[in-house]
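Written below as structure tokens is the structure these notes are about.
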Protein chains: 2
Amino acid sequence: MKLSTKGRYAVTAMMDLAINDRNGPVTLAEISSCQGISLSYLEQLFAKLRKARLVEGVRGPGGGYRLGKPSNSISVAEIILAVDETIDSTQCQGAEDCQSGDRCMTHKLWEDLSVRLYEFLNGITLSDFIKRPEVKRISVQQNSTSNRINKMFQPVARAS
Amino acid sequence: MKLSTKGRYAVTAMMDLAINDRNGPVTLAEISSCQGISLSYLEQLFAKLRKARLVEGVRGPGGGYRLGKPSNSISVAEIILAVDETIDSTQCQGAEDCQSGDRCMTHKLWEDLSVRLYEFLNGITLSDFIKRPEVKRISVQQNSTSNRINKMFQPVARAS
DNA sequence: TAATTCCTGAGTGATTTACTGGGTATTATA
DNA sequence: TATAATACCCAGTAAATCACTCAGGAATTA
């Protein structure tokens, strides 16, 4: 679980797709000017997102990118993993006795933390972002995961 | 909120200090051979940790590093922020109308996610790691934050 | 005084980031 | 059918970061 600007670019771009899902495909050129990232760099990122089946491209005029799955089944963790290839957990990959036997169990502790972090980010989906405050009241009786992050909902308005 | 191997090094090193807190200061040489990181690199990391008052150095023979605060008041988020200097949130830093007005609100959404992530990591302290399973039963009536990560507790035994 | 440790800084190869610029493949539409 | 808009692909590159070596100092203890 690594987290850098690259991951942020991917997540925000995916948010963009999720928000404009029903307006047809979103072009990379739009996202590029929107987010201030170069088009070629976006292409690299979307190549990875495509391999992970998180998006699908539509060629030709009027084309662009669409989500590969419904937005409520795409988690932030998935996006980051697709783009920011994971950290090599340590030299002593799971080996019980790294270097000096019972010492150095911090590696195991880190791994547990890492899993915790993953589970947290995996509990946040794209659809949690595209809901509007009016929807919030209705979604209260949903599962606890989406309730936990209800506070970050924002109204959405995109110029065409 | 950035997260790389650098942050992992810092967190595991701090875990090491927390575990061996009552055995006197821990030397960087120990951590170095333990974690397989070069001593000079550790020195660079600890310079930052020291500036953030998270550790304090003890010079001379028998010296080393100690925690700068009680382990229950040092969060994982603090450590990471001290070492992995934060991501520049975006060009349009908080400016209401980035580039094309009402568009591009994904930045705001990302920031909300970022805050969420920070709060999560800030709720996990070093002391949550150094507890042993026997302590687990007792700590049940503690605050909810530490209960949430009870499952990652492990017995600790360090060779002297 | 000597050994041990923290502390500081300069320099370096490797990797990652983010970009430029060249193309090809597909498709809507004029 | 021709053209333009788009995804897709690949090679190269400047800058930043990562992780390290080396080379010393400064403080403390034995």
Side-chain angles (χ1 to χ4, degrees), chain A residues 2-13 16-17 20 23-33 35-68 80 82-88 90-91, chain B residues 2-13 16-17 20 23-33 35-68 80 82-88 90-91:
Chain A
K2 190 177 153 188
L3 187 50
S4 66
T5 52
K6 206 170 172 181
R8 190 194 65 200
Y9 288 152
V11 171
T12 51
D16 207 324
L17 292 202
N20 296 90
N23 306 0
V26 180
T27 70
L28 290 190
E30 284 179 291
I31 299 177
S32 172
S33 77
Q35 316 252 5
I37 318 169
S38 84
L39 194 121
S40 291
Y41 193 42
L42 269 179
E43 282 173 345
Q44 287 177 34
L45 297 184
F46 272 76
K48 294 186 176 182
L49 293 174
R50 218 172 69 89
K51 268 176 202 153
R53 308 285 187 122
L54 295 178
V55 300
E56 52 185 23
V58 181
R59 289 181 168 194
Y65 281 96
R66 254 191 252 121
L67 293 183
I80 291 174
V83 157
D84 272 339
E85 53 277 358
T86 58
I87 260 172
D88 54 333
T90 328
Q91 298 86 347
Chain B
K2 188 178 156 189
L3 186 49
S4 67
T5 52
K6 205 168 170 181
R8 191 195 64 199
Y9 288 152
V11 171
T12 52
D16 207 322
L17 292 201
N20 295 89
N23 305 0
V26 179
T27 69
L28 290 190
E30 284 179 291
I31 298 177
S32 172
S33 76
Q35 318 250 5
I37 318 168
S38 85
L39 194 121
S40 291
Y41 194 41
L42 270 179
E43 282 171 344
Q44 287 175 34
L45 296 183
F46 271 77
K48 293 187 176 180
L49 293 174
R50 216 173 70 90
K51 268 174 201 153
R53 307 284 185 122
L54 295 178
V55 299
E56 52 186 23
V58 181
R59 290 182 168 191
Y65 279 97
R66 252 192 254 120
L67 294 182
I80 291 173
V83 158
D84 273 338
E85 52 274 1
T86 57
I87 259 172
D88 54 332
T90 329
Q91 299 85 347

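In what follows, chains are A, B, ... by sequence order, proteins preceding strands, each numbered from 1.
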Kindly say if [X] contacts the phosphate of [N], meaning a side-chain N or O under 4.0 Å from OP1 or OP2.
{"X": "Lys2(B)", "N": "dC18(D)", "answer": "yes"}
{"X": "Ser4(A)", "N": "dT16(C)", "answer": "no"}
{"X": "Tyr65(B)", "N": "dC7(C)", "answer": "yes"}

Check the distance between [N]'s [atom2] and [X]'s [atom1] and give it to me in whole angstrom.
{"X": "Arg8(B)", "N": "dC18(D)", "atom1": "CZ", "atom2": "C1'", "result": "12 Å"}
{"X": "Lys6(A)", "N": "dA16(D)", "atom1": "NZ", "atom2": "C1'", "result": "14 Å"}
{"X": "Leu28(B)", "N": "dC6(C)", "atom1": "CG", "atom2": "C1'", "result": "8 Å"}
{"X": "Leu42(B)", "N": "dT5(C)", "atom1": "CG", "atom2": "C1'", "result": "14 Å"}
{"X": "Leu45(A)", "N": "dA7(D)", "atom1": "CG", "atom2": "P", "result": "14 Å"}
{"X": "Asp84(B)", "N": "dT16(C)", "atom1": "CG", "atom2": "P", "result": "15 Å"}

> Under 3.5 Å, is there a donor-acceptor pair between the side chain of Asp84(A) and the main chain of Ser4(A)?
Replying inline: yes
>> Treating Ser32(B) as the side-chain partner and Leu28(B) as the backbone partner, does any N or O pair qualify as donor plus acceptor under 3.5 Å?
In response: no
Only distances under 3.5 Å count here; give the side-chain donor-acceptor pairs of residues 41-54 of chain A to other protein atoms, sequence neighbours excluded, each with its distance to 0.1 Å.
from     : atom 1 : to       : atom 2 : distance (Å)
Lys48(A) : NZ     : Glu85(A) : OE1    : 3.3

>> Within the 4.0 Å heavy-atom criterion, would you say Phe46(A) contacts the bases, only the backbone, or no part of the nucleic acid?
In response: nothing
> Between OG1 of Thr12(A) and CD1 of Ile37(A), what distance do you get to the nearest 0.5 Å?
Replying inline: 5.5 Å
> Could you state the interatomic distance from CD (Glu30(B)) to CD (Gln35(B)), rounded to the nearest 0.5 Å?
Replying inline: 11.5 Å
> Got a sec, which pairs hit salt bridge (Lys or Arg N to Asp or Glu O under 4.0 Å) with one end in residues 59-68 of chain B, sequence neighbours left out?
Replying inline: Glu56(B)-Arg66(B)
> Can you list, by residue number, the residues of residues 48-58 of chain A that have a non-hydrogen atom closer than 4.0 angstrom to DNA chain C?
Replying inline: none
> So which heavy atom on Pro25(A) is nearest to which on Val58(A), and how close?
Replying inline: CG-CG2, 4.1 Å
> Looking at Leu17(B), Asp16(B), Val26(B), Thr27(B), which one forms a side chain to side chain contact (heavy atoms under 4.5 Å, CB included) with Tyr65(B)?
Replying inline: Leu17(B)
Check the interface with nucleotides 21-28 of chain D: list each N/O to N/O pair with the protein under 3.5 Å, or write none.
from    : atom 1 : to       : atom 2 : distance (Å)
dC22(D) : N4     : Ser40(B) : OG     : 2.9
dA27(D) : O4'    : Arg59(B) : NH1    : 2.4

